[in-house]
Amino acid sequence: MPRPDFPLPVLDPFPIMRRRLTLTHGVERQDVEFLAEACDRSEAAFRSIMAEDAGGLIHGDAHRGNLLARDGQVLLIDYEAVAFGPRAWDLIPTATAVDRFGLPPTDYTAFCPTAPNTAPSATP
């Protein structure tokens with residue numbers, strides 16, 4: 001995709017994750033601390049990836065719920081999370097659907113080559 005002629009943010013999911021952790025209710029303090037520490041460890045790895053390859057234009061929330069289909073055409077909607085970031089970011093919701101929600105792995109494999117700006121990948 002061409003670079004847009006207007007500014008877009010660089011993907012940075014960590015501030016919102018940390019904010020959500022401060023807003024939790026009914027979660028044990030030690031569980032919130034565990035998640036905050038996991039967030040810290042993940043952030044270092046994420047920043048390393050971003051330093052090596054910031055990727056390109058990403059949707060930021062690409063999942064099947066953001067697809068509208070009609071007459072053989074599919075439209076990707078919900079652009080509030082569009083940013084520059086690792087292109088594989090847009091594969092995460094579909095991979096998670098396989099791992100946690102019963103989406104058949106073949107659906108993930110079929111989705112990978114069709115995802116914008118991403119290379120084909122093995123199932124998660």
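Just so we're clear, the structure is a prediction, and the values are computed from it rather than from any experiment.
For the atom pair CG of Leu35 and CZ of Arg18, the computed distance is 12.0 Å after rounding to the nearest 0.5 Å.
Between Pro86 and Met50, the closest heavy-atom pair is CD-SD, 3.2 Å. In terms of heavy atoms, Pro93 sits closest to His63 at CB-CB, 3.6 Å.
Contact of the Tyr79 side chain with the Asp61 side chain is not registered, since no non-hydrogen atoms from C-beta on lie closer than 4.5 Å. Using a 4.5 Å heavy-atom threshold, the side chains of Leu67 and Ile77 count as separate.
Note: the hydrophobic cluster containing Ile92 also contains Met17 (ILVMFWY, side chain heavy atoms under 4.5 Å, direct or indirect links).
A salt bridge is absent between Arg47 and Glu52; no separation between the charged side-chain nitrogens and carboxylate oxygens falls under 4.0 Å.
Residue pairs that meet the salt bridge (charged side-chain N to carboxylate O under 4.0 Å, His left out) test with at least one member in residues 65-84, sequence neighbours left out, do not exist here.
Of the possible donor and acceptor atoms, none in the side chain of Asn66 sits under 3.5 Å from a partner among the backbone N and O of Leu76. Of the possible donor and acceptor atoms, none in the side chain of His59 sits under 3.5 Å from a partner among the backbone N and O of Trp89.
Asp107 pairs by the side chain to side chain donor-acceptor pair (under 3.5 Å) definition with nothing, not counting sequence neighbours. With sequence neighbours left out, Ser42 forms a side-chain contact (heavy atoms from CB on, under 4.5 Å) with Phe14.
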